[in-house]
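Scroll down for the structure; my scribbles are underneath it.
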Amino acid sequence: PTIYAITPTYSRPVQKAELTRLANTFRQVAQLHWILVEDAAARSELVSRFLARAGLPSTHLHVPTPRRYKRPGLPRATEQRNAGLAWLRQRHQHQHQRAQPGVLFFADDDNTYSLELFQEMRTTRKVSVWPVGLVGGRRYERPLVENGKVVGWYTGWRADRPFAIDMAGFAVSLQVILSNPKAVFKRRGSQPGMQESDFLKQITTVEELEPKANNCTKVLVWHTRTEKVNLANEPKYHLDTVKIEV
Ligand code: UGA
Ligand code: MN
């Protein structure tokens, strides 16, 4: 099956560095289609140029987050992930579902992905799950597995979440996305950290989850976060002698 990676991204000094790291990983994965969704009113020149040279199959979308939702404490990238879902559904609406096997996962632009992760998620039948490193105030969070079934969650943060898992901790088969056409990320009523649960509730149950990464005992993806860059000495006007592509 093709792996579809939906990546929300937004303009900031580290954006091209993040996308470069991600592309260097994705390029090594067979049959991966990258759906890059800019949080912007239009597709940017920077990302367009970057994708043209990235050397992997991709789709470049954009949708701006409404200004009222750009506040600390509110979930990020809701509209962008939904735009990716809409594109996938649109693209496959006229095709016979079984003829086009696919697996979707949500790949934020700042995380770190091992190549082994893609081997694991490619065998997703409905919804698969695995541990995520450096998240929830712990070295890792993970689904607890007994007899091949998820029976709970190892987490240091909001253990009451129905699916106590980060966005980087699950994959969904394309067939599940197509047969649940209304499943989307919601702004209304979604508390911080509940996006994953609110979405997964619409398409699956805890009992149905397929544990990957050796019964969820191996960390294959890390919720790394890039430090804010220090631009204290950046001149107010372009002082360099030539135009620089950053
Ligand atoms: C955590 C989770 O890992 C995210 O999946 C979740 O979306 C996020 O919390 C949340 O609060 O909603 P965190 O590292 O705090 O992640 O979030 P970011 O990595 O800053 O943002 C998640 C994704 O959205 C990234 O791909 C980022 O490029 C994108 N983003 C962020 C935008 O498209 N627009 C923004 O204004 C901010
Ligand atoms: Mn992040």
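Counting starts at 1 for both ligands and their atoms, following the listed order.
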Can you see whether Phe118 has Arg122 sitting over its ring - NZ or CZ less than 6.0 Å from the centre and within 45° of the normal? no
closest protein heavy atom to atom 26 (O) of ligand 1 is Pro8 O, 2.7 Å
Does Arg71 reach ligand 1, in the sense of a heavy atom lying below 4.0 Å from it? no
What protein heavy atom sits nearest atom 34 (N) of ligand 1, and how far off is it? Asp39 OD2, 2.8 Å
Which bit of His223 is near ligand 1, meaning a heavy atom under 4.0 Å away: side chain, backbone, both or neither? side chain
Going by the atom numbers of ligand 1, which of them fall below 4.0 Å from some non-hydrogen atom of Met167? 5 (O)
Between Gln195 and Thr78, a side-chain donor and acceptor under 3.5 Å: yes
Nearest neighbour in protein (non-hydrogen) for atom 5 (O) of ligand 1: Asp108 OD2, 2.7 Å
Would you say Ala77 has any N or O atom under 3.5 Å from an N or O of ligand 1, going by distance alone? no
Show the nearest heavy-atom pair for residues Ala168 and Asn111, with the distance to one decimal. CB-ND2, 3.7 Å
Can a donor-acceptor pair be found between the side chains of Thr123 and Lys212 at a distance below 3.5 Å? yes
Aromatic Tyr69 / basic Arg76 pairing, under 6.0 angstrom, 45° off normal: no
Could you tell me the residue and atom name of the protein heavy atom closest to atom 7 (O) of ligand 1, and the distance to it rounded to 0.1 Å? Arg81 NH2, 2.9 Å
Which residue holds the protein heavy atom closest to atom 25 (C) of ligand 1, what is that atom called, and what is the gap in Å? Asp109 OD1, 3.6 Å
Could you list which atoms of ligand 1 come closer than 4.0 Å to a heavy atom of Thr9? 28 (O), 33 (O)
Among Glu18, Gln15, Lys70, which one has a heavy atom closest to atom 36 (O) of ligand 1? Lys70
Could you tell me the residue and atom name of the protein heavy atom closest to atom 32 (C) of ligand 1, and the distance to it rounded to 0.1 Å? Tyr10 CD2, 3.5 Å
When you look for heavy atoms under 4.0 Å from ligand 1, do you find them on the side chain of Asp166, its backbone, both, or neither? side chain
Hydrogens and angles aside, do Glu141 and Thr155 bring a side-chain donor and acceptor to less than 3.5 Å of each other? yes
Quick one: which ligand 1 atoms are inside 4.0 Å of a heavy atom on Pro75? 12 (O)
Below 2.8 Å, can you find an N, O or S atom of Asp110 next to the Mn ion (ligand 2)? yes
Has ligand 1 got any nitrogen or oxygen that is less than 3.5 angstrom from a nitrogen or oxygen of Arg76? yes
Between ligand 1 and Thr7, can you find any atom pair, the residue atom being a heavy atom, that is separated by under 4.0 Å? no
For the rings on Tyr4 and His92, is their centre-to-centre separation under 6.0 Å? yes
Using a strict threshold of under 4.0 Å (side-chain N to carboxylate O), is an ion pair present between Arg43 and Glu38? no
Tell me the protein heavy atom at minimum distance from atom 19 (O) of ligand 1, and give that distance in Å. Asp110 OD2, 3.0 Å
For ligand 1, note which part of Arg225 has a heavy atom under 4.0 Å away: side chain, backbone, both or neither. side chain
So for ligand 1, is Thr65 a polar contact partner (N or O within less than 3.5 Å, distance only)? no
For the residue pair Ser58 and His33, confirm or rule out a side-chain donor-acceptor distance under 3.5 Å. no
Sole residue of Val184, Ile35, Asp108, Val63 in side chain to side chain contact (heavy atoms under 4.5 Å, CB included) with Arg81: Asp108
Strictly inside 4.0 angstrom of atom 9 (O) of ligand 1, do you find any protein heavy atom? no
Any sub-3.5 Å donor-acceptor pair from Gln80's side-chain atoms to Thr7's backbone N or O? no
Is it true that Thr124 and Ser173 share a donor-acceptor pair across their side chains at a distance under 3.5 Å? no
